[in-house]
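Just so it is clear, the model here is predicted, and its values are computed rather than measured. What you see below is based on every heavy atom in this structure, not just the backbone, and it leaves out hydrogens, waters and symmetry mates.
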Amino acid sequence: MRIGYCTNLIATQRDGTGSEWIEKGQENEFDYVELPLAQMGDLNDKEFSSLKERVGISGLKCEACNNFFPGSIRLTGNAVDYGKIEEYLDKALGRAAQLGVKVIVLGSPKSKNVPEGYPMDKAWSQLVELLRHIDPLVRAKGITVVIEPLNKLESNIINTATEGLKLVKAIDRENIMLLIDYYHLVMEKENPEII
């Protein structure tokens, strides 16, 4: 078993990456650090270089990233801007690859939540097509995207492991998989036997 820790959940600095906790993870003998991809995408080149150096010095690897997309990028609805998505993916996936990231978690409720009145089946299709498009981009970098179902208090689409698995099967791509967070599983009162 390997144990990692997610820094942005305890971030105190303005950039929201939680980089101030990297050394603490090494001191406490964690196996890896999980950094937020969206916040790393907001860093300028000098700030990212400094973060990368800090990770390297710590001796920890950044094996995973959460927070795939920032809330400013829409993945569902009429306001989806595919040019903006492409620009973000180019920068964010490039940075993830530089850190040696192997897994990126797609929870990103502000990005994927379906706008009121927008047909749920269209939103579903948008996510399927987007993730099919992302698959070869991440595969080329040795990265896997894992879809994280989020409870209904956080998201209005893909709330259960059952729905997440249905989405993964609809996408049908090797580097798009499912992550089950026990917290959300319990919040949705889903039977753990789904695992």
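- A pairwise comparison of heavy atoms in Thr7 and Gly18 identifies CB-O, 3.3 Å as the closest pair.
- Two different hydrophobic clusters hold Leu179 and Tyr183 under the rule that ILVMFWY side chains link at heavy-atom gaps under 4.5 Å.
- Taken from CG in Asn151 to CG in Asp181, the straight-line distance is 9.0 Å, to the nearest 0.5 Å.
- Summarising the geometry of Tyr32 relative to Ala64, their closest heavy-atom pair is CE1-CB, 4.3 Å, with the distance given to 0.1 Å.
- The backbone N or O of Pro109 sits less than 3.5 Å from a side-chain atom of Asn113, completing a donor-acceptor pair.
- Distance CZ/Arg74 to CZ/Phe69: 11.5 Å, rounded to 0.5 Å.
- Taking each heavy atom of Glu20 and Ile10 in turn, the nearest pair found is OE2-O, 4.2 Å.
- Shown here for Ile85 and Val80, the closest heavy-atom pair between the two residues is CD1-CG1, 3.8 Å.
- Residue Ile194 holds its CD1 atom at 8.5 Å from CG of Leu178, rounded to the nearest 0.5 Å.
- For the pair Arg95 (side chain) and Leu93 (backbone), a donor-acceptor distance under 3.5 Å is absent.
- Atom-to-atom distance recorded for Trp21:CH2 and Ser58:OG is 15.0 Å, nearest 0.5 angstrom.
- By the rule that hydrophobic residues join a cluster once side-chain heavy atoms approach within less than 4.5 Å of another member, Val146 and Trp124 end up as members of separate clusters.
- In terms of modelled atom types and a separation under 3.5 Å, the side chain of Ser125 and the main chain of Asp121 share a donor-acceptor contact.
- The main-chain N or O of Ser111 is never found under 3.5 Å from a side-chain atom of Ser108 such that the two would form a donor-acceptor pair.
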Begin from the C-alpha positions of Glu63 and Glu34 and carry the test side-chain contact (heavy atoms from CB on, under 4.5 Å) through to its verdict.
CA-CA 7 Å; Glu63 294 181 12; Glu34 180 176 327; over 6 Å; no
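- In this structure, Glu87 does not pair ionically with Lys84, as no charged nitrogen and carboxylate oxygen lie closer than 4.0 Å.
- Side chains of Leu60 and Asp31 form no contact here, defined as non-hydrogen atoms less than 4.5 Å apart.
- When each of Asn175, Thr144, Val101 is paired with Val138, the side-chain contact (heavy atoms from CB on, under 4.5 Å) condition holds for Asn175 and for no other.
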Stepwise, does the side-chain contact (heavy atoms from CB on, under 4.5 Å) test hold for Gln98 with Phe48?
CA-CA 10 Å; Gln98 286 182 56; Phe48 175 71; 3.5 Å; yes
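- If you check the side chains of Asn67 and Asn8, you find no donor sitting under 3.5 Å from an acceptor.
- Between Lys91 and Asp45 there is no salt bridge, since no side-chain N of the basic residue sits under 4.0 Å from a carboxylate O of the acidic one.
- Distance CG/Asp81 to CG/Leu75: 11.5 Å, rounded to 0.5 Å.
- In this structure the side chain of Met40 reaches within 4.5 angstrom of the side chain of Leu99, judged on heavy atoms.
- Put simply, the side chain of Glu47 gets close to the backbone of Asn44: a donor and an acceptor are under 3.5 Å apart.
- The two residues Gln126 and Gly77 have their closest heavy-atom pair at OE1-N, 2.8 Å.
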Would you sort out whether Met187 and Glu154 count as a side-chain contact (heavy atoms from CB on, under 4.5 Å), showing the intermediate values?
CA-CA 11 Å; Met187 286 288 289; Glu154 295 181 35; over 6 Å; no
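- Using a 4.5 Å heavy-atom threshold, the side chains of Ser19 and Leu51 count as touching.
- Within 6.0 Å of atom CD in Glu116, 12 or fewer heavy atoms from other residues, nucleotides or ligands are found, so the atom counts as exposed in its surroundings.
- Side-chain N/O atoms of Thr162 and Glu190 include a donor and acceptor closer than 3.5 Å.
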Do Val145 and Phe68 pass the side-chain contact (heavy atoms from CB on, under 4.5 Å) test, and can you show the C-alpha distance, the side-chain angles, and the key distance before you say yes or no?
CA-CA 9 Å; Val145 172; Phe68 193 164; 3.8 Å; yes
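- Clustering ILVMFWY residues whenever any of their side-chain heavy atoms sit less than 4.5 angstrom apart, transitively, puts Ile57 in a cluster other than the one holding Ile22.
- Looking only at distances, no side-chain donor or acceptor of Asp135 sits under 3.5 Å from a matching main-chain atom of Leu131.
- With respect to the salt-bridge test (charged N to carboxylate O, under 4.0 angstrom), the residues Glu174 and Arg139 do not qualify.
- The CD1 atom of Ile134 lies 9.0 Å from the CD1 atom of Ile171; values are rounded to the nearest 0.5 Å.
- Between Pro115 and Thr76, the closest side-chain pair of non-hydrogen atoms falls below 4.5 Å.
- For CD of Glu27, the number of neighbouring non-hydrogen atoms (other residues, nucleotides, ligands) closer than 6.0 Å is greater than 12.
- Electrostatic pairing of Glu129 and Arg132 counts as a salt bridge here, judged by a charged N lying under 4.0 Å from a carboxylate O.
- Transitive grouping of hydrophobic side chains (ILVMFWY, heavy atoms separated by less than 4.5 Å) keeps Leu127 and Met177 in distinct clusters.
- Counting only N and O atoms by type, the side chains of Asp42 and Gln39 include no donor and acceptor under 3.5 Å apart.
- Between Val33 and Tyr5 the shortest side-chain heavy-atom distance falls below 4.5 Å.
- Looking at every heavy atom in both residues, Lys112 comes nearest to Leu106 through NZ-O, 4.1 Å.
- Cluster annotation: Leu165 and Ile195 are assigned to the same hydrophobic cluster (Ile/Leu/Val/Met/Phe/Trp/Tyr, side-chain heavy-atom contacts under 4.5 Å, transitive).
- Side chains of Lys24 and Asn28 form a contact here, defined as non-hydrogen atoms less than 4.5 Å apart.
- Contact annotation: the side chain of Glu188 approaches that of Lys152 to within less than 4.5 Å [non-hydrogen atoms, C-beta and beyond].
- Looking at heavy atoms from C-beta onward, Cys65 lies out of side-chain contact with Val103 at the 4.5 angstrom threshold.
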